[in-house]
Amino acid sequence: MSFIEMRRHQIERHRLAEEITGLLNVFEHDLGRALTSGSLLLGFIPTARSTANVSATIGQGAIDQFVTSLGLISQAMSSAVEGHHRLDEARRTLRVPVLAGGDKDPIPSAQVGTIAVENANSGGK
């Protein structure tokens with residue numbers, strides 16, 4: 001295989017990795033949104049029940065089902081994270097560079113922030 005062909009394959013792998021990363025981010029975001037909206041619904045039902053002045057037995061079956069649903073969404077999120085790790089293994093095997101930093105980005109230490117604040121307060125002196 002020529003250098004140009006190898007380079008083409010490498011470029012195609014990088015392009016595909018970017019596409020996979022984009023779709024994975026959407027998937028993970030959607031799972032998070034589902035967990036958020038389900039949690040809001042679950043939290044609102046007892047308040048609605050109380051405000052409507054109805055028995056605590058009203059809607060309890062629905063609450064039970066929504067709790068089960070949230071547990072399944074949580075399991076789906078855990079599975080997605082595991083899939084994310086597996087894709088990262090494949091990325092390393094194929095020597096594709098990291099495409100998104102996420103929590104891998106360095107976080108400045110508290111001292112750096114303190115120094116910046118001190119410099120700003122002293123006029124940079």
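Each residue takes its place number in the sequence, starting with 1.
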Could you list all the salt bridge (charged side-chain N to carboxylate O under 4.0 Å, His left out) pairs where at least one residue sits in residues 32-44, not counting sequence neighbours? Asp30-Arg33

Mind checking what makes salt bridge (charged side-chain N to carboxylate O under 4.0 Å, His left out) contact with Arg15, not counting sequence neighbours? Glu12, Glu19

For the residue pair Arg13 / Gln10, report whether a side-chain donor-acceptor contact shorter than 3.5 Å exists. no

Does some side-chain heavy atom of Leu24 sit less than 4.5 Å from a side-chain heavy atom of His29? no

Taking every heavy atom of Ala17 against every heavy atom of Val96, the minimum-distance pair comes out as CB-CG1, 3.8 Å

Validation row: Leu31, Leu35 side chains within 4.5 angstrom (heavy atoms): no

Greater than 12 external heavy atoms within 6.0 Å of Ile11's CD1: yes

Is there side-chain contact between Ser78 and Val81, with heavy atoms separated by less than 4.5 Å? no

Are side-chain heavy atoms of Thr47 and Thr51 found at a separation under 4.5 Å? yes

Rounded distance [0.5 Å steps], CG in Leu87 versus OG1 in Thr93: 11.0 Å

Could you check whether any side-chain heavy atom of Met1 comes within less than 4.5 Å of a side-chain heavy atom of His9, counting everything from C-beta outward? yes

Using side-chain heavy atoms (C-beta onward) and a distance below 4.5 Å, is Ser69 in contact with Leu42? no

Same apolar cluster: Leu41 and Ile63, side chain cutoff 4.5 Å: yes

Please check this pair: side chain of Arg49 against backbone of Ala56, looking for a donor-acceptor N/O pair closer than 3.5 Å. yes

Among residues at least two apart in sequence or on other chains, which ones pass salt bridge (charged side-chain N to carboxylate O under 4.0 Å, His left out) with Arg92? Asp88

